[in-house]
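Following: one structure in structure tokens, then a few remarks.
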Amino acid sequence: MRFSQMFIPTLREAPADAEAISHILMLRAGYVRQLAAGLYISLPLCTRVMEKINRILREEMNAIGGQEITMPVLHPAEIWQQTGRWDTIGDEMFRLKDRGGRDMCLGMTHEEIMTWLASREIRSYRDLPQVWYQIQTKLRDEARPKSGILRTREFLMKDSYSFDVSDEALGRNYQLHADAYHRIFKRCGLEYMQVESDPGMMGGAMSHEFMAPSPSGEDDVAVCGNCGYAANVELADSVPMKIEIKDWEFEEIHTPEKRTVQEVSNFLKLSPSYFIKSILVISGNDPVLALVRGDQELHEQKLSRLIGDHRPAQKAELKEILGVEAGFIGPMGHKIRIVADNCLKDGLYVSGANKPHYHVKGVKAGRDFTPEWHDLHVASSGDSCVKCGGSLTIERVIEIGNIFKLGTKYSVALKAYFLDEKGQDMPVVMGSYGIGPARIAAAAIEQNHDKDGIIWPGSIAPFDIEILPLNMKDEKTVETAEKLYRDLTDAGIEVLMDDRDERAGVKFKDADLIGIPTQVVIGAKNLKEGLIEIKNRRTKETQKVKVDEAVTSLNPDVA
RNA sequence: CGGGGCGUAGCGCAGCUUGGUAGCGCGUACGGUUCGGGACCGUAAGGUCGAAGGUUCGAAUCCUUUCGCCCCGACCA
């Protein structure tokens, strides 16, 4: 492809409303343009990258027996009503009516439609297993689109669905997908990890996420450096840092106007880890007192899994239920349900005294209060691994893929049953598996760039090689470039040739921005000695090569 | 949805406090000189100042409403 014939609108300056590196570079290098919040136009270069990624996805999905199909993006409401998600999903679903007044929605995912198809077509255990996938547009009315291409309202997703006769069979397909995902992300040149994740509202039994470390990510994972335990902090278990057990008498301390853990901690010159943080929440109509150590954050999702939906208590409720104002709550002497983080089992602590402007020192679990024990804290750096005791670190990541064991939730709701060998009607056992190709591209940029621009991993770069004839008015340069362009193209290499009549500097700058892994620089001076330069975009290392040996040195199959 | 910020030429910005009819850099077009890391000189085109309403002799500037975009948080099947 010739640069002059390709639409590559590079920008000298980054538009002001871009923040994430991948967003800035995709705009500057002429890969995308924004249409509206969370809606992006993919320009020619980006489209090539997406095709590269999608090809890898197809190859690996086909390799595990996936069959590509294409589902509509516009869905009738009824199917979503049958699984209940029409009502549970809310504003994130784009809804509309057709001319006949029928409720419709735009697909944010395809469990329902895939299951609908299975329910009509799968009759016998002999029809199973099936793995169907598509690379299809999803639409979600995101509360907050952000970070350029990372969180958009319309995006491509590779989503596959497995249909099996049993949990064991599902387990096999689940593992096949996990293996395929590892191959996919490796081939795409990403640094990534597989972590345990919360099946959440997908209603499944087990799920994992594939995460690419990047400061632009939106999730945090806890990773054990020793045994490899890795989990989304949404569910990560951890053992908090141990504290030295104090030998305190039970005593009341006057703490005037000191309400927060931080304030009392400063006042008493005592680390926050010696405090009990007491948080009153209302679950349904019942108050629940949740306790974590002073240096911890209460984990809302863990609490939800324990006590169900809840909300923080209001000030008035707090006073009414506990008889004391916020800031001086302690776990002692209350009749309500109390749940506490495991780490409070041992040791003596400071907590509110249940009377204004007083705290107590020497509070002991089992003696002064008897809670239900659970893991209720947010894992943080420095905590210990629950599996091996190793040290946990927290990393910011971009979610690039996920796999779910769905079980029979959707098949039961949509009556996707089959007859087993005994002639019994059984619900199909399902899994669902997603990958966001645009997120792969964005993560690749986040992980591979420098001050000058993008550095694509070769497998997903828009081109393999960019040829830079530095002076288009020099006959020898042009002649050499044209021949090399033909020879490389004939050798099956994807080449972009910057044939624009631009100054050398402009070509260098644009080439670095665009990020094609290998640059071939053709300049008059070197040409006099019969040489051209091969430059590695990542290392900036340059190697001078004889013109007639160029194709050989550049062709990885030969070299 | 809560909090914050920003909308002025294709892009980046100034002008707004203290109203007087819009400017700078880059880019674009044309001419010339240049030609290995975003060249230089000259000429030119390009803006209903996000939109609507109001105040005023006069509004980019003051007031009201509204739309859009970004960031933080909540949410994220």
Side-chain angles (χ1 to χ4, degrees), chain A residues 9-20 23-24 27-30 33-40 80 83-93 105 107-112 115 138-148 150-153 155 157 159 197-204 207 209 216-219 232 234 300-301 304 311-312 399 402 404 406 409-410 413 432-434 436 451-453 468-474 477 498 500-514 519-528 531-533 535 540 542 544:
Chain A
T10 59
L11 259 24
R12 192 180 283 242
E13 286 171 292
D17 51 10
E19 188 100 342
H23 188 197
I24 291 172
L27 286 168
R28 283 198 57 207
R33 286 296 182 262
Q34 182 173 15
L35 175 66
L39 297 174
Y40 284 83
W80 285 82
T83 59
R85 286 163 116 193
W86 178 263
D87 298 311
T88 54
I89 283 178
D91 289 339
E92 212 166 311
M93 182 186 272
C105 65
M108 44 195 309
T109 178
H110 281 81
E111 279 80 13
E112 274 77 0
T115 313
K138 308 288 185 229
L139 292 124
R140 297 182 186 175
D141 196 357
E142 288 287 348
R144 181 147 101 85
K146 57 182 282 200
S147 306
L150 276 178
R151 188 167 204 78
T152 53
R153 293 191 290 179
F155 58 96
M157 183 157 126
D159 48 326
S197 74
D198 182 4
M201 303 267 294
M202 287 291 282
S207 67
E209 289 165 326
S216 293
E218 300 180 86
D219 284 284
N232 195 313
E234 285 174 3
E300 293 292 340
Q301 284 142 305
S304 291
R311 59 172 175 82
E399 181 187 348
N402 53 43
F404 289 94
L406 297 175
K409 173 177 168 166
Y410 295 92
S432 95
Y433 318 87
K451 63 171 176 31
D452 295 316
L468 306 181
L470 295 185
N471 184 353
M472 293 302 287
K473 292 196 175 71
D474 181 70
T477 299
D498 194 344
R500 295 173 301 169
D501 187 13
E502 285 286 354
R503 299 169 63 85
V506 173
K507 295 192 180 189
F508 284 130
K509 288 289 182 191
D510 277 346
D512 287 350
L513 244 191
I514 290 165
Q519 300 171 4
V520 177
V521 181
I522 301 179
K525 278 174 211 157
N526 281 318
L527 226 41
K528 280 196 184 109
L531 297 173
I532 59 166
E533 291 167 44
K535 185 168 161 190
K540 307 245 163 159
T542 296
K544 290 190 187 178

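Chain letters run A, B, ... following the sequence lines, proteins first, then strands; residues in each count from 1.
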For this session: First locate atom CG of Asp498(A), then atom CZ of Arg500(A), and finally report the distance between them rounded to the nearest 0.5 Å.
Result: 4.0 Å
Exercise. Between OG1 of Thr477(A) and CE of Met472(A), what distance do you get to the nearest 0.5 Å?
Worked result: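 The OG1 atom of Thr477(A) sits 9.0 Å away from the CE atom of Met472(A).
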Base paired to [N] (Watson-Crick or G-U; both N/O distances under 3.5 angstrom):
N: U21(B); answer: none
N: C16(B); answer: none
N: C69(B); answer: G5(B)
N: A39(B); answer: U33(B)
N: U56(B); answer: none
N: A44(B); answer: U28(B)

Length of the [atom1]-[atom2] vector between [X] and [N], whole Å:
X: Phe508(A); N: G36(B); atom1: CZ; atom2: C1'; result: 5 Å
X: Lys528(A); N: G36(B); atom1: NZ; atom2: C1'; result: 12 Å
X: Asn232(A); N: C75(B); atom1: CG; atom2: P; result: 13 Å
X: Asp501(A); N: U34(B); atom1: CG; atom2: C1'; result: 12 Å
X: Met472(A); N: C35(B); atom1: CE; atom2: C1'; result: 13 Å
X: Leu470(A); N: G38(B); atom1: CG; atom2: P; result: 13 Å
X: Asp498(A); N: G38(B); atom1: CG; atom2: P; result: 15 Å
X: Lys509(A); N: G38(B); atom1: NZ; atom2: P; result: 6 Å

Could you give the distance separating [M] and [N] at their [atom1] atoms, to the nearest angstrom?
N: G20(B); M: G7(B); atom1: C1'; result: 24 Å
N: A59(B); M: C1(B); atom1: C1'; result: 35 Å
N: G36(B); M: C49(B); atom1: C1'; result: 43 Å
N: A14(B); M: G31(B); atom1: C1'; result: 31 Å
N: U48(B); M: G23(B); atom1: P; result: 14 Å
N: C11(B); M: A51(B); atom1: P; result: 15 Å
N: A74(B); M: U55(B); atom1: C1'; result: 40 Å
N: C75(B); M: G15(B); atom1: P; result: 39 Å

Exercise. What about Asp510(A): does its side chain form a donor-acceptor pair under 3.5 Å with the base of G38(B)?
Worked result: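 Per atom types, the contact qualifies.
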Taking any heavy-atom pair under 4.0 Å as a contact, classify [X]: base, sugar-phosphate, or nothing.
X: Arg28(A); result: base
X: Lys507(A); result: nothing
X: Leu513(A); result: base
X: Asp91(A); result: nothing
X: Glu533(A); result: base
X: Asp512(A); result: base

For this session: Answer yes or no: is there an ion pair linking Lys146(A) with Glu218(A), defined by an N-O contact shorter than 4.0 Å?
Result: yes
Exercise. Does Lys507(A) use its side chain to pair, donor to acceptor, with the backbone of Leu470(A) at less than 3.5 Å?
Worked result: no
Exercise. If you draw a 6.0 Å radius around NZ in Lys544(A), do more than 12 non-hydrogen atoms from other residues or ligands fall strictly inside?
Worked result: no
Tabulated below should be each protein N or O lying under 3.5 Å from an N or O of nucleotides 22-30 of chain B; please produce it.
from   : atom 1 : to       : atom 2 : distance (Å)
G25(B) : N2     : Glu13(A) : OE1    : 3.3
C26(B) : O2'    : Arg12(A) : NE     : 3.3
G27(B) : OP1    : Arg12(A) : NH2    : 3.3

For this session: Give the C-alpha distance, both sets of side-chain angles, the deciding distance and a yes or no for side-chain contact (heavy atoms from CB on, under 4.5 Å) between Glu112(A) and Trp86(A).
Result: CA-CA 10 Å; Glu112(A) 274 77 0; Trp86(A) 178 263; over 6 Å; no
Exercise. Of Arg140(A) and Val506(A), whose nearest nucleotide on RNA chain B comes first from the 5' end?
Worked result: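 The residue whose closest nucleotide sits nearer the 5' end is Val506(A).
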Seminar exercise, completed: Once base and sugar-phosphate atoms are separated, protein heavy atoms under 4.0 Å mark nucleotides 66-73 of chain B, 5' to 3', with B, S and - as ---SSBBB
Taking the side chain as every heavy atom from C-beta outward, state whether [X] and [Y] have any pair of such atoms under 4.5 Å apart.
X: Arg33(A); Y: Pro9(A); answer: yes
X: Asp452(A); Y: Phe508(A); answer: no
X: Ser216(A); Y: Leu150(A); answer: yes
X: Asp141(A); Y: Arg153(A); answer: yes
X: Asp198(A); Y: Asn232(A); answer: no
X: Glu533(A); Y: Gln519(A); answer: no

Exercise. Between G38(B), C11(B), C35(B), which nucleotide has the shortest distance from any of its atoms to the side chain of Pro15(A)?
Worked result: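 The listed nucleotide nearest to Pro15(A)'s side chain is C11(B).
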